[in-house]
There are 2 protein chains.
Amino acid sequence: MNRKEKLIYDARAKIFKALAHPTRLWITQKLVDSERCVCEFVDELDVDFSTISKHLSVLKQAGIVEDDKRGKQVYYRLKVPCILKFMHCVEAVIEYQAKEHNKLIK
Amino acid sequence: MNRKEKLIYDARAKIFKALAHPTRLWITQKLVDSERCVCEFVDELDVDFSTISKHLSVLKQAGIVEDDKRGKQVYYRLKVPCILKFMHCVEAVIEYQAKEHNKLIK
DNA sequence: ACAACATTTGGTTATTATGCCATATGTGCA
DNA sequence: TGCACATATGGCATAATAACCAAATGTTGT
């Protein structure tokens, strides 16, 4: 891997890293339908609101979401909706593994 | 996020985590064309071979690749080729960001 | 200006990931 | 059998991540 490749793969890895957390994936999924207020995540997730805020910050830094302050509240939305398409592939990996696992048990 | 959702998003996050490293992304990309021997990675990457072996193990645990020992060498291949399609989306995120960055500079 | 609210940021600690070295395992060949 | 090669595994030091609490920031309504 040369220097140029290194830069490319670092940049890509950053996107994957941002998505590599259950809470952030859940948030991303929520944003597929429509933008959401941070307060909605706070209500639905059982973690400290500061934690949620940091997760949102990671997604924002990675360029996956963008935010928008309206009054007291901050709304987040997906910047690049194609993210969701990959979930089918991810599910395929999981199902494939489940199948293999069953084979081993039988 | 309820208990069932938690399980789903944990499983998905595991896949993303496996891909969330430049070296592992690079390896994955190499495997898109054809299977590869571990030795090829050792030659092309400037890290200890034990490190490469561990990266491959992470990808294998996640169900992204499978291996196959032939003689002294071990060959790895992609188990679920759809992984690559996502790269287009990842590139879109990166380009979008680059564009915005340029705007800010001008 | 002040209080109440929504969110972000800083600090601390616990957990996890990474990379190297040394060692173990497995394979083919002399 | 014994040696050389290819890969995997265990151990350890260091770095990165995640969660919480506390405090700061910014906004609306009084």
Side-chain angles (χ1 to χ4, degrees), chain A residues 1 3 5-7 9-28 30-31 35-77, chain B residues 1 3 5-7 9-28 30-31 35-77:
Chain A
M1 180 154 49
R3 224 162 292 180
E5 279 183 313
K6 175 77 177 136
L7 288 175
Y9 286 100
D10 278 349
R12 290 183 183 175
K14 192 184 170 190
I15 316 277
F16 281 97
K17 264 187 198 157
L19 293 167
H21 189 288
T23 302
R24 291 198 290 269
L25 276 181
W26 184 92
I27 288 172
T28 304
K30 284 284 164 185
L31 294 179
E35 63 169 19
R36 305 262 176 175
C37 165
V38 178
C39 57
E40 295 180 62
F41 301 134
V42 172
D43 290 343
E44 296 184 58
L45 291 167
D46 195 27
V47 283
D48 195 85
F49 55 86
S50 70
T51 302
I52 294 171
S53 182
K54 277 175 189 172
H55 281 311
L56 286 165
S57 166
V58 171
L59 289 170
K60 188 177 163 185
Q61 288 301 315
I64 295 167
V65 303
E66 59 191 355
D67 63 340
D68 180 10
K69 188 159 196 170
R70 297 210 284 280
K72 275 190 288 190
Q73 294 168 329
V74 179
Y75 289 82
Y76 279 83
R77 79 185 72 87
Chain B
M1 181 156 45
R3 223 163 292 182
E5 279 183 313
K6 175 78 177 134
L7 288 175
Y9 286 101
D10 278 348
R12 291 183 182 177
K14 192 185 169 190
I15 315 278
F16 281 96
K17 261 184 201 159
L19 293 167
H21 190 287
T23 303
R24 292 197 291 270
L25 276 182
W26 184 91
I27 289 173
T28 304
K30 284 283 165 187
L31 294 178
E35 65 170 19
R36 305 263 176 175
C37 164
V38 178
C39 57
E40 295 180 62
F41 300 135
V42 172
D43 290 344
E44 296 185 57
L45 292 167
D46 193 27
V47 284
D48 196 85
F49 56 87
S50 69
T51 301
I52 294 171
S53 184
K54 276 177 190 171
H55 281 310
L56 287 165
S57 166
V58 171
L59 288 170
K60 189 178 165 185
Q61 289 301 316
I64 295 167
V65 303
E66 60 191 356
D67 62 341
D68 181 11
K69 189 160 196 169
R70 294 210 288 278
K72 275 191 289 191
Q73 294 167 328
V74 178
Y75 288 84
Y76 280 82
R77 79 183 72 85

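A note on names: the letters A, B, ... follow the listed sequences, proteins ahead of strands, and every chain is numbered from 1.
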Does C/dG19 have OP1 or OP2 sitting under 4.0 Å from an N or O in the side chain of B/H55?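 Answer is yes, contact under 4.0 Å.
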Please tell me if B/S53 has a side-chain N or O lying less than 4.0 Å from either OP1 or OP2 of D/dA8.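 Yes, such a contact exists.
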Are the charged groups of A/K14 and A/D10 less than 4.0 angstrom apart, N to O?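 No salt bridge links A/K14 with A/D10.
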Using a strict 4.0 Å threshold on nitrogen-to-oxygen distance, state whether A/K30 and A/E44 make a salt bridge.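 Looking at A/E44 together with A/K30, the answer is yes, because their closest N to O distance falls below 4.0 Å.
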Within this structure, what is the [atom1]-to-[atom2] distance between [X] and [N], rounded to whole angstrom?
X: B/F16; N: D/dT17; atom1: CZ; atom2: C1'; value: 18 Å
X: A/D46; N: D/dA19; atom1: CG; atom2: C1'; value: 12 Å
X: B/F41; N: D/dA8; atom1: CZ; atom2: P; value: 11 Å
X: A/Y9; N: C/dT18; atom1: OH; atom2: P; value: 18 Å
X: A/E40; N: C/dC5; atom1: CD; atom2: P; value: 19 Å

Roughly how far apart are A/T23 OG1 and A/L59 CG, rounded to 0.5 Å?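 Taking OG1 in A/T23 and CG in A/L59, the distance rounds to 10.0 Å.
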Given [options], which nucleotide is nearest the side-chain atoms of [X]?
X: B/S50; options: C/dT8, D/dT7, C/dA22; answer: C/dA22
X: B/K54; options: C/dG11, C/dT8, D/dG10; answer: D/dG10
X: B/V38; options: C/dT8, C/dA6, D/dA8; answer: D/dA8
X: A/Y76; options: D/dT7, C/dT8, C/dT18; answer: C/dT8
X: B/K72; options: C/dT7, D/dC5, C/dC21; answer: D/dC5
X: A/H21; options: D/dA19, D/dT9, C/dC5; answer: D/dA19

Categorize A/Y75 for me: base, sugar-phosphate, or nothing, with a 4.0 angstrom heavy-atom threshold over every strand shown.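 The answer is nothing, as A/Y75 stays clear of every strand by at least 4.0 Å.
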Which residues pass the side-chain hydrogen bond (donor to acceptor under 3.5 Å, both in side chains) test with A/H21, sequence neighbours left out?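 Here no residue qualifies.
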Residues from residues 58-69 of chain B sitting under 4.0 Å of DNA chain D, heavy atoms only?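 The answer is none.
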Which residues share a side chain to side chain contact (heavy atoms under 4.5 Å, CB included) with A/R70, sequence neighbours left out: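 A/R70 satisfies side chain to side chain contact (heavy atoms under 4.5 Å, CB included) with A/E35, A/D68, A/Y75, A/R77 only.
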